[in-house]
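Structure first, commentary second.
Letters A, B, ... are given to chains in the order of the sequence lines, protein chains preceding strands, and every chain is numbered from 1. Note that this is a predicted model, so its numbers are computed, not measured.
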There are 2 protein chains.
Amino acid sequence: MLIELDFNSQKPIYEQLYEQIILSIAKGTLTSGDSLPAVRTLAEEIGINLHTVNKTYNILKDEGYLLIDRRKGALVSKLPITPKTEYHDHFLDELQLLTAKSHLMGMKEDDFIAACKNYFNHYKGEL
Amino acid sequence: MLIELDFNSQKPIYEQLYEQIILSIAKGTLTSGDSLPAVRTLAEEIGINLHTVNKTYNILKDEGYLLIDRRKGALVSKLPITPKTEYHDHFLDELQLLTAKSHLMGMKEDDFIAACKNYFNHYKGEL
DNA sequence: TATTTGTTATACAACAAATATAACAGGTAA
DNA sequence: TTACCTGTTATATTTGTTGTATAACAAATA
């Protein structure tokens, strides 16, 4: 498991870990059914406390990205996930804010869409 | 100034304020050169401390959305803003994470782009 | 001079983030 | 059974963030 943390970032550790796991799933480095390292293993591997890893795993579980099996540990869910409406609304709020920012930075609609397509090309074909 | 705060949200007050000001500028409710309420005025108006408003104004200043003039107070910057590369990189990171999430939620590229276009339609013609 | 700006400083309370230990409960395998 | 591996729970501590409360300061205005 390749995780890179910036301990000087203003972004919390559990959030950095959260984001990197989501990106790994989207890119196909992790796929449905794959098991993640045990909380103690990953914690030691990247030099943080086991509770911090556990917190990340539980958020990912609540949002539908992971299943936590007492026997096997944390597993990547069957994709696509089916998020709660609350989570989906939050997702749209974030998207609205990002589009607003891009507009104020002078990006045209086409520029923004081109950037999106660029990212989507890294996700093609999995799930 | 129409601001709606949720004091039960897990999102900090200064961040809620930050987001609503950005959306107001993007939608044209606030435009280049407009002055925002004085920190004390807005703080009293929405029932929070002046330092919380001041924190928001300063973040918006650092990111380029506002100019803070000692005589006139806080003004909306000339648009479009020209963000620091650091801020632009952060913007792209957020966009990447959002596209990844949408992919894992089963959204197709076209669905995502349709949602983006929908937001951009509210921004047309200003700046 | 009095008022209005943002700014700075200090203190305090409440909360979140992260760590440190320890112990517990369920499942697996020697 | 015993030992070991999961995640889980509980408690305590440290540190940083958030938000409030007061007070004072400097610059510009009227």
D:dT13 pairs with which nucleotide, Watson-Crick or G-U wobble, both distances below 3.5 Å?
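Per the H-bond distance test, C:dA18.
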
Determine which nucleotide pairs with D:dT2, using a 3.5 Å limit on both distances of a Watson-Crick or G-U wobble pair.
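Its partner is C:dA29 (Watson-Crick or G-U wobble, both distances under 3.5 Å).
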
Rounded distance in Å - [atom1] ([X]) to [atom2] ([N]):
X	N	atom1	atom2	answer
B:Ile48	D:dA21	CD1	P	11 Å
A:Leu17	C:dA18	CG	P	10 Å
B:His51	C:dA11	NE2	C1'	11 Å
A:Ile59	C:dA16	CD1	C1'	12 Å
B:Ile13	D:dT20	CD1	P	5 Å
B:Asn54	C:dT5	CG	P	13 Å
B:Glu44	D:dT22	CD	C1'	16 Å
A:Asn49	D:dA12	CG	P	17 Å

Output the distance between atom CG (B:Leu97) and atom OG1 (B:Thr99), rounded to the nearest 0.5 Å.
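If I round to the nearest 0.5 Å, the distance is 7.5 Å.
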
CZ-CG distance between B:Phe112 and B:Leu98, expressed to the nearest 0.5 angstrom
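The CG atom of B:Leu98 is 5.5 Å from CZ of B:Phe112, to the nearest 0.5 Å.
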
Which residue lies toward the 5' end of DNA chain C, A:Tyr14 or A:Arg71, if each is placed at its nearest nucleotide?
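Final value for this comparison: A:Tyr14.
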
Does A:Thr52 or B:Lys61 map to a spot on DNA chain C nearer the 5' end, using the closest nucleotide for each?
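Looking at DNA chain C, the more 5' nearest nucleotide goes with B:Lys61.
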
Answer with yes or no whether B:Arg40 presents, from its side chain, a donor or acceptor under 3.5 Å of a partner atom in the base of C:dT3.
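No, the side chain and the base share no sub-3.5 Å donor-acceptor pair.
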
In this structure, are over 12 heavy atoms from other groups packed under 6.0 Å from B:Glu44 atom CD?
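Count not over threshold, so no.
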
Candidates A:Thr56, A:Val53, A:Ile3 - the one meeting side-chain contact (heavy atoms from CB on, under 4.5 Å) with A:Ile48
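It is A:Val53; the other options fail the test.
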
Please determine, for the side chain of B:Lys55, which listed nucleotide (D:dT18, D:dA21, C:dG6) has the closest atom?
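The nucleotide sitting nearest to the side chain is D:dT18.
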
Does OP1 or OP2 of C:dT5 have a side-chain N or O of B:Lys72 closer than 4.0 Å?
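No, no such contact exists.
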
Is any side-chain N or O of A:Asn58 closer than 4.0 Å to OP1 or OP2 of D:dT8?
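For D:dT8, OP1 or OP2 has a side-chain N or O of A:Asn58 closer than 4.0 Å.
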
Derivation and outcome, side chain to side chain donor-acceptor pair (under 3.5 Å), residues A:Asn58 and A:Lys55:
CA-CA 5 Å; A:Asn58 273 287; A:Lys55 178 172 184 172; over 6 Å; no

Which comes earlier along DNA chain D counting from the 5' end, the contact point of A:Leu50 or that of B:Phe7, where each point is its nearest nucleotide?
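Residue closer to the 5' terminus by nearest nucleotide: A:Leu50.
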
